[in-house]
Amino acid sequence: MTIEIPDWCLIGKTIQWSARHYTGRDWVEEKIIAFGYSGFFHQAKNCPIYFTEFSEYGKTVREVNE
């Protein structure tokens, strides 16, 4: 099986994730830590690990403007 990883999704990259339904904050910064079959795992320091589908890019996940 081959997993197709989008160009923007790199392990160690910081992304912004819409965590309104978990934390009440609109966007939080987290690091991509691993890949799954249809998405990626991300985590902020001392926080739980979350899984997000690649298709959520532009909806609940965006790149950090550096």
Open item on the list: One pair to check against side-chain contact (heavy atoms from CB on, under 4.5 Å): Q43 and Y50. What are the steps and the verdict?
Closed with: CA-CA 6 Å; Q43 182 181 33; Y50 295 100; over 6 Å; no

TODO: Test side-chain contact (heavy atoms from CB on, under 4.5 Å) on V28 and Q16 and set out the steps.
DONE: CA-CA 5 Å; V28 295; Q16 289 183 332; over 6 Å; no

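Distance OG/S18 to NZ/K59: 13.0 Å, rounded to 0.5 Å. Rounding to the nearest 0.5 Å places SG of C9 at 5.0 Å from CZ of F54. In this structure, W8 CH2 and K13 NZ are separated by 8.0 Å, a value rounded to the nearest 0.5 Å. Separation of atoms CD1 (I49) and NE2 (H42) is listed at 10.5 Å; rounding is to 0.5 Å.
With no hydrogens or angles considered, a side-chain donor-acceptor pair links T60 and E56 at under 3.5 Å. Between the side chains of T14 and E29, no donor-acceptor pair of N or O atoms lies under 3.5 Å.
Contact record, Y57 with E63: OH-OE2, 2.6 Å, taken as the closest heavy-atom pair. For the pair G36 and F51, the tightest heavy-atom approach, listed with the atom from each and the gap, is CA-CE1, 4.0 Å.
Between the side chain of K31 and the backbone N or O of I15, no donor-acceptor pair lies under 3.5 Å.
Hydrophobic cluster membership differs between Y37 and L10, with clusters built from Ile, Leu, Val, Met, Phe, Trp and Tyr side chains linked at under 4.5 angstrom. Linking ILVMFWY side-chain heavy atoms closer than 4.5 Å, directly or via other members, places W27 and V61 in two distinct hydrophobic clusters. Note on F40: it does not cluster hydrophobically with I33, by side-chain heavy-atom contacts below 4.5 Å among ILVMFWY residues.
With respect to the salt-bridge test (charged N to carboxylate O, under 4.0 angstrom), the residues E30 and K45 do not qualify.
Within the 4.5 Å cutoff, the side chain of F41 has no heavy atoms near those of the I32 side chain.
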